[in-house]
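Heads up: the structure comes next, in structure tokens.
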Amino acid sequence: MVLYHSCLRKAHIIWERTGVLIGDDEISALCLLWGTKGPEEFMHKLDSMDNNELRRWLEKLKKKRKGLETYLDQEEKIYA
């Protein structure tokens with residue numbers, strides 16, 4: 001029996017390897033960036049990279065999310 005959601009396990013592994021705490025939304029975004037189709041593919045991709053490469057992916061994710069947040073903030077102001 002699985003005691004916690006698989007995304008929590010992935011987030012914990014990423015935190016252990018990089019010191020960066022991420023949530024379910026960021027795990028989903030990484031799945032899209034990496035083109036993985038399931039937990040096994042995600043873990044294979046995660047295991048295939050070193051910690052520095054993983055940090056670069058997290059930084060890339062952070063930049064993409066920042067751009068999206070800025071866009072959504074602008075749209076909210078326009079249509080408010």
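Just so it is clear, the structure is predicted and the values come from calculations on it, not from any experiment. Start at 1 with the first residue, then count along the sequence. Because only heavy atoms are used, hydrogens play no part in the values below, and waters and symmetry mates are left out as well, while side chains stay in.
- Rounding to the nearest 0.5 Å places NZ of K60 at 9.0 Å from CZ of R56.
- The two residues D50 and R17 make their nearest non-hydrogen contact at C-NH2, 3.4 Å.
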Using distance only, find each side-chain donor-acceptor pair of residues 37-49 under 3.5 Å and give its atom names and separation, not counting sequence neighbours.
{"residue": "E41", "atom": "OE1", "partner": "K37", "partner atom": "N", "Å": "3.1"}
{"residue": "S48", "atom": "OG", "partner": "K45", "partner atom": "O", "Å": "2.7"}

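- Members clustered with L21: W15, by chain and number, using a 4.5 Å side-chain heavy-atom cutoff among hydrophobic residues.
- Here C31 contributes atom SG and K10 contributes atom NZ; the two are 5.0 Å apart, rounded to the nearest 0.5 Å.
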When you look at L33 and K64, which way does the side chain to side chain contact (heavy atoms under 4.5 Å, CB included) test go after all the steps? CA-CA 10 Å; L33 281 174; K64 283 186 175 284; 3.5 Å; yes
Determine whether I27 and L8 satisfy the following criterion, side chain to side chain contact (heavy atoms under 4.5 Å, CB included), listing intermediate values before the conclusion. CA-CA 9 Å; I27 295 293; L8 184 59; over 6 Å; no
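- Using a 4.5 Å heavy-atom threshold, the side chains of R9 and I13 count as touching.
- Taking the side chain as every heavy atom from C-beta outward, L30 and I22 approach each other to under 4.5 Å.
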